[in-house]
Novice: 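Submitted below is the structure of interest, expressed as structure tokens.
Only heavy atoms go into these numbers, but all of them, side chains included; no hydrogens, no water, no symmetry mates. Below, read A as the first sequence line, B as the second, and so on, with proteins coming before strands; counting in each chain starts at 1.
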Number of protein chains: 4
Amino acid sequence: MDILAEKKKAIFESTLELIKENGFHGTPMSMVAKKACVACGTIYHYFDSKDTLIAELYAYVKKQMADAMFEGDDEQKEFKDRFYHLILSHCRFYIKHPNTLYFIEQYINSPYNNREPVKDNEQFQHRMWDFLKQGIDTGVLKPMNIHLLGILIHSHVVTTAKLYFSQRVKINEEDFPNIVQVIWDGVKNHSD
Amino acid sequence: MDILAEKKKAIFESTLELIKENGFHGTPMSMVAKKACVACGTIYHYFDSKDTLIAELYAYVKKQMADAMFEGDDEQKEFKDRFYHLILSHCRFYIKHPNTLYFIEQYINSPYNNREPVKDNEQFQHRMWDFLKQGIDTGVLKPMNIHLLGILIHSHVVTTAKLYFSQRVKINEEDFPNIVQVIWDGVKNHSD
Amino acid sequence: MDILAEKKKAIFESTLELIKENGFHGTPMSMVAKKACVACGTIYHYFDSKDTLIAELYAYVKKQMADAMFEGDDEQKEFKDRFYHLILSHCRFYIKHPNTLYFIEQYINSPYNNREPVKDNEQFQHRMWDFLKQGIDTGVLKPMNIHLLGILIHSHVVTTAKLYFSQRVKINEEDFPNIVQVIWDGVKNHSD
Amino acid sequence: MDILAEKKKAIFESTLELIKENGFHGTPMSMVAKKACVACGTIYHYFDSKDTLIAELYAYVKKQMADAMFEGDDEQKEFKDRFYHLILSHCRFYIKHPNTLYFIEQYINSPYNNREPVKDNEQFQHRMWDFLKQGIDTGVLKPMNIHLLGILIHSHVVTTAKLYFSQRVKINEEDFPNIVQVIWDGVKNHSD
DNA sequence: CATGAATGAGTCTTCATTCAT
DNA sequence: GATGAATGAAGACTCATTCAT
């Protein structure tokens, strides 16, 4: 799980970058091999097929994302602060890893998505759901289906990150809190 | 602009459905031809290439969407009512046209997007921007960049529509107003 | 044989020019049609197929060439003078009609050549052969097979004309007599 | 440079034969692959495209020709003898390799010629030019542009070889010296 | 384990030809 | 006669995958 892992990682990273650049079918295995400095056949020692490679890559980046997101989360803090922290961490992760951002977006919207349901690393999701549930239970968040809530929030984050890289609307990191406020105002419970 | 248009439309609709099903590269021209009941070569009378076909298809559905969204908009009504109407119309359009929904999402997140910049039908966007600007100017909406605002709202709509078709979170049309409320609460001006 | 002929001629000339430019298979019928300002199907009123068109075109230019070559030939003159005149006329014809030159060369060296043996306008050849035979009989030319002689001479002419248009060896019309002298010295009877 | 070269050679030879038979566009890559006993895609490991294959094939046969032509050339011998030897060697080469003869003729007269100017093996030409220059300098040949001279001579050779294979004029190897005499008499200096 | 040459099914695209108007 | 939209077989080329070394 060392030298092997290194080679696997090289394949992952190469794939990630190439797919961002050229899309799934603009990225032949031979190109991945070249960029990762391995032989074509070597890839097939680690992955059964291109589909598998991509599915595993999805799980790989998903885990990285989860790790980054909850880093620095302090359960002692107030809910709103934790919310802002989590959202901003998430945004910043995407901004630091645009390859991941674009790969995930392509993946989710492609037929790959429902093909080989590599068990999604649910841990990330569960932790998020727990957090949201707590917000609802304590009356801070609107009482809603937490899955729905989670997805709406995530979509907000992704949109923000994509905007950051877009040409048309120029935003920078200082604008993030304002943008987070939109989703916070959206989900928080106004009944008080 | 009749029989011709019909053939072109048949090609469009076939492509739309097939791409939703199989993605861009899971949809060979021969398959489009078959479904549209034309010969392979016929497609090339109407479109220079597969890329062109897809780019024009994007413009085609974009226009349909714009038309549907603003139908029934009544400028006399209160801003909030108009807002709800527009968002709900938009959601319902996607729900009536899932092929369009998935095609657009795939298109936007694919390298096609920045390839042949078929002049986006900006009219749709401009009308939306005018509407949002009015909301800001009258103090109903948060003072923000209208482009940013527009995209956040649209992303919310798309997420909602996708959720409608997803297996994991089961929502139906009755839930829509609650979901719209999230975005409304998010963008409205709370300073009052 | 008038309006029709005009259309036929337009097709001929268009084909000639396009083939010079792009070669046989770089010249689709649709392109010929466009250049000749007729519909695609119209060509098929005049010619059974592309092969036929090309074969007939070959006969067409061959005849033009024969006409040009013997124009101004004076049977009263000395043999050598007539020889020079014929050869130079031939060279000049090719120089005035480069499309014809390149078309013929392509045709002769292509599989079209032995496909549909449109009866070559032998008249041209016969007249040449008679001329050469007379030269041999009177002892002015080397005693050789006249077909062989004719082809060697023609090849000399074609090479000269092609050289005229080539970039590498720059010759002009003043050089022609010297070049003709080479072939004349080659075929004339030295026994005297 | 062994097994690889063999496969490349097989592709070359197959292409050569098929093109002679069917011409450039009568020879699909699939046919070449079949005859060379390789897969379609294999050809693309060795050549970027059909154009490249043909251009490289041209260089390949050109080199073979040059090698054959100067074999047995003896600089000690008299100029005229060397001239006859070279010309006859050249003729015999074409007669031994009709595929090459017809391929070259087709190539030169096709639009391929000026497409990818694979550096012509100039060595062959230079050696010929040196030889001709020597003939002019020593007063044996007519004082002419050596490029022009070279091309006229080559054209004579090609015409002879083509005649050998033609149906209409039946010549055989015994006739060659007489035919060579025509070009020799044409280019030699008569001033003496 | 690693290599990368070889495979060949499958893709986009072209174009000679037809035929309803 | 003239048109040009429609046809579909065929071609160049790609690329996921295999396997002998």
Novice: Whole angstroms only, please: what is the NZ-P distance between Lys8(D) and dA5(E)?
Specialist: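 Going from NZ in Lys8(D) over to P in dA5(E) covers 12 Å.
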Novice: At under 4.0 Å, does any side-chain N or O of Lys50(B) touch on OP1 or OP2 of dT11(E)?
Specialist: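 So the side-chain polar atoms of Lys50(B) never come under 4.0 Å of the phosphate oxygens OP1 or OP2 of dT11(E).
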Novice: Nearest-Å distance, CD1 (Ile19(C)) to P (dA16(E))?
Specialist: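 Between P of dA16(E) and CD1 of Ile19(C): 11 Å.
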Novice: For Ile43(B) and dA5(F), what is the distance between atoms CD1 and P respectively, to the nearest whole Å?
Specialist: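 Atom-to-atom, Ile43(B) to dA5(F), this comes out as 16 Å.
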Novice: In whole angstrom, what separates Met29(C)'s CE from dA6(F)'s P?
Specialist: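 Rounded to the whole Å, the gap is 20 Å.
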Novice: Which residue lies toward the 5' end of DNA chain F, Cys40(C) or Gly41(D), if each is placed at its nearest nucleotide?
Specialist: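 Here Cys40(C) is the residue nearer the 5' end.
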Novice: Ignoring hydrogens and angles, does a donor from either the side chain of His45(D) or the base of dA5(E) sit under 3.5 Å from an acceptor on the other?
Specialist: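 Checked by distance alone, the answer is no.
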Novice: May I have the distance from Asn22(B) (atom CG) to dG10(E) (atom C1'), rounded to whole angstrom?
Specialist: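 So the two atoms are 15 Å apart, to the nearest Å.
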Novice: Would you mind pulling out the nucleotide paired to dA20(F), Watson-Crick or G-U wobble, both distances under 3.5 Å?
Specialist: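 Base partner found: dT3(E).
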Novice: Find out whether Gln106(A) and Pro111(B) are in side-chain contact, i.e. whether some heavy atom of one side chain is under 4.5 Å from a heavy atom of the other.
Specialist: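 Sidechains of Pro111(B) and Gln106(A): in contact.
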Novice: Assuming nearest nucleotide by heavy-atom distance, tell me which of Val38(D) and Gly26(C) is located more 5' along DNA chain E.
Specialist: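 Here Val38(D) is the residue nearer the 5' end.
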Novice: Kindly assign one of parallel, tilted or perpendicular to the pair Phe103(D) and Phe24(D), based on the angle between their ring planes and the thresholds 30° and 60°.
Specialist: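 Rings of Phe103(D) and Phe24(D): perpendicular, as their planes differ by over 60°.
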Novice: Determine whether more than 12 heavy atoms belonging to other residues, nucleotides or ligands lie under 6.0 Å from atom CG of Asp48(A).
Specialist: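 At most 12 heavy atoms, drawn from other residues, nucleotides or ligands, come within 6.0 Å of this atom.
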Novice: Need to verify one output field. Residue with the more 5' nearest nucleotide on DNA chain F, Asp48(D) or Met31(D)?
Specialist: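 Going by which nucleotide is closer to the 5' end, it is Met31(D).
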Novice: Closer than 4.0 Å, any side-chain N/O of Lys7(C) to the OP1 or OP2 of dA2(F)?
Specialist: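 It does, given that an N or O in the side chain of Lys7(C) lies less than 4.0 Å from OP1 or OP2 of dA2(F).
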Novice: Please give, in whole Å, the distance from dT14(E) C1' to Phe24(C) CZ?
Specialist: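 Going from Phe24(C) (CZ) to dT14(E) (C1'), I get 19 Å.
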Novice: Evaluate the side-chain proximity of Met29(C) to Leu53(C): yes if any heavy-atom separation is below 4.5 Å, no if none is.
Specialist: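 Yes; the side chains approach each other to less than 4.5 Å.
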Novice: In whole Å, measure the gap between the C1' atoms of dC1(E) and dT21(F) for me.
Specialist: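 Approximately 13 Å lies between the C1' atom of dC1(E) and that of dT21(F).
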Novice: Output yes when at least one side-chain N/O atom of Thr42(D) is less than 4.0 Å from OP1 or OP2 of dA5(E), else no.
Specialist: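 No, outside the criterion.
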Novice: May I ask you to verify if any side-chain N or O of Tyr46(A) is less than 4.0 angstrom from the OP1 or OP2 atom of dA2(E)?
Specialist: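 Yes, because at least one side-chain N or O of Tyr46(A) sits under 4.0 Å from OP1 or OP2 of dA2(E).
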Novice: Of all the nucleotides listed (dT7(E), dA16(F), dT7(F)), which has the minimum atom distance to the side chain of Pro28(A)?
Specialist: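 Nucleotide nearest to Pro28(A)'s side chain: dA16(F).
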Novice: Do the ring planes of Tyr112(B) and Tyr107(B) sit parallel (below 30°), tilted (30 to 60°) or perpendicular (above 60°)?
Specialist: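 Geometry flag for Tyr107(B) against Tyr112(B): parallel rings.
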Novice: Figure out the OH/C1' separation between Tyr44(D) and dA16(F), and round it to whole Å.
Specialist: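 After rounding, the reported distance stands at 18 Å.
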Novice: Rounded to the Å, how far apart are His25(D) NE2 and dA9(F) P?
Specialist: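 Taking atom P of dA9(F) as the reference, NE2 of His25(D) is at 21 Å.
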